[in-house]
Each structure stands twice: as C-alpha cells, then as structure tokens.
Amino acid sequence: KNEVEQSPQNLTAQEGEFITINCSYSVGISALHWLQQHPGGGIVSLFMLSSGKKKHGRLIATINIQEKHSSLHITASHPRDSAVYICAATTGNQFYFGTGTSLTVIP
Amino acid sequence: GAVVSQHPSRVICKSGTSVKIECRSLDFQATTMFWYRQFPKQSLMLMATSNEGSKATYEQGVEKDKFLINHASLTLSTLTVTSAHPEDSSFYICSAPGINGYTFGSGTRLTVV
C-alpha cells in the first residue's frame, strides 16, 4: 500500500467546472504538498500546507490532519489547467509521492 | 522567490556515454538537493539526496557508481549518468528545500539511444 493515495487517477472536465482532487496519506507528516506537472515534465509547487486551507487564485488546498486527508480544488477550470497534479507528503526531508491525477479540461 | 535552474532540459546521448545534469539554486543557498527520476506514467522516485560538502545518500537500488552526484558548492549540485544505457532513459528532476517550501528544477528528459 502506498503511503500517499490520490484519486481520481484521471479526470476530464468541461471548461468552467469545479474540480476536486483528493489525497489520503498514512504517514505522519510535517507538510503536504500539491505539485503541478506540465505536459513537458516541468513541476511547479502549488501549495505547501500543514493545517487548514490555502488559496491562490482559482486554486484552493485544504487539509484535515485528523483524517489524514487533503483536497485540491480548482474553481472555474480552464484548458490551461490541464496537467498532472501530484500530492506529496513530507516527514522532515522524506518525500512520499502520490501517483498523480491527470486532469484534462475540455473547452 | 526561490528558483532552481536545471540544465539541460533535454538530452539525447549514445549508449555508453555519460551525461551531466546541473541544478543551480539562483537566489538562495541549497545545502541539500534531492534528485528524482520519473519513468513514463509513474510517480516521482527519489534517487538520492546530496548535501553540500559531503557524500550523497542513495536510495536502495540506486547504483552510486552509475549515478554520480556532486554537491561542491551551496548553489550547484550535479548528477552524472555514467555509461548510460537505454533503460536509463527517463525524466530526471531536482528539488531543494527553501524558506517557503521545496523548489523544483524544470527537469531533464534523457533519451539514451
């Protein structure tokens, strides 16, 4: 069993839809990261959070420490949001990566 | 914000040759650099952790003589894939912890022919 589980694996949405990607983890963490990997491979760190909720533009990340669960929400999705979204849990300097959610937003 | 510059972004090399990948921290000092590998449609896998001025720590199953890591300064870490083979073809990416979290390089797509 992976330390970090993500769902769904693949997601197709119409432009404008509200999107939720879920992440569950089994390890004790110091922080939870949401990463965005573009089709070319480059990775951008979207959020690092250890409690509560963070918002950046149309992206919102939440975490429930007791339930060991985090969600990434995208409001008013756009085709440029199409990418792989990766959840990663860190325990100090150890990273545990989810397998990613491939998001395709159709115009 | 913190930026890690990774080069080259793409490289094609012949089997048996060596390839060097560089990661530079541009506006902060990276005492630690993480090196990851990602095979197609798979998640990132940590290969090794480099620390400035000391030997790198390799994950189980990663050959240290094949994947040479040097972290000679606070702003530069390099990964050299020696005697590359087609099975080494992969996406390699580095990451460094900064004040506000981890910063990733843009990655290197290595193709060994």
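First the proteins, then the strands, lettered A, B, ... as listed; each starts at 1.
Looking at residues two or more places apart in sequence or on another chain, you find a salt bridge (charged side-chain N to carboxylate O under 4.0 Å, His left out) between B/K66 and B/D88.
Using a 4.5 Å heavy-atom cut-off against chain A, no residue of residues 4-11 of chain B qualifies as contacting. The stretch residues 97-107 of chain A places A/F97, A/G98, A/T99 near chain B, each with some heavy atom under 4.5 Å from a heavy atom of that chain. Proximity to chain A at a heavy-atom threshold of 4.5 Å picks out nothing from residues 16-24 of chain B.
Clustering ILVMFWY residues whenever any of their side-chain heavy atoms sit less than 4.5 angstrom apart, transitively, puts B/W35 in the very cluster that holds B/V112. No single ILVMFWY cluster, assembled from side-chain heavy atoms under 4.5 Å apart, contains both B/F34 and B/F67. A continuous path of Ile, Leu, Val, Met, Phe, Trp and Tyr side chains, each step under 4.5 Å between heavy atoms, connects A/L11 with A/W34, placing both in one hydrophobic cluster. Following chains of ILVMFWY side-chain contacts shorter than 4.5 Å, one can reach A/Y25 starting from A/L46, so the two form part of one hydrophobic cluster.
Atom CD in A/Q6 sits 7.5 Å away from atom OG in B/S43 (nearest 0.5 Å). The structure places OH of B/Y36 at 9.0 Å from CD1 of A/I43, a figure rounded to the nearest 0.5 Å.
Within the 4.5 angstrom heavy-atom criterion, no atom of A/H38 approaches chain B. Of the atoms belonging to B/I93, it is side-chain heavy atoms, and not backbone ones, that fall under 4.5 Å from chain A.
In terms of non-hydrogen atom pairs under 4.5 Å with chain B, the most contact-rich of A/V44, A/L35, A/V84 is A/L35.
More than 12 non-hydrogen atoms from other residues, nucleotides or ligands lie less than 6.0 angstrom from CD of B/E87.
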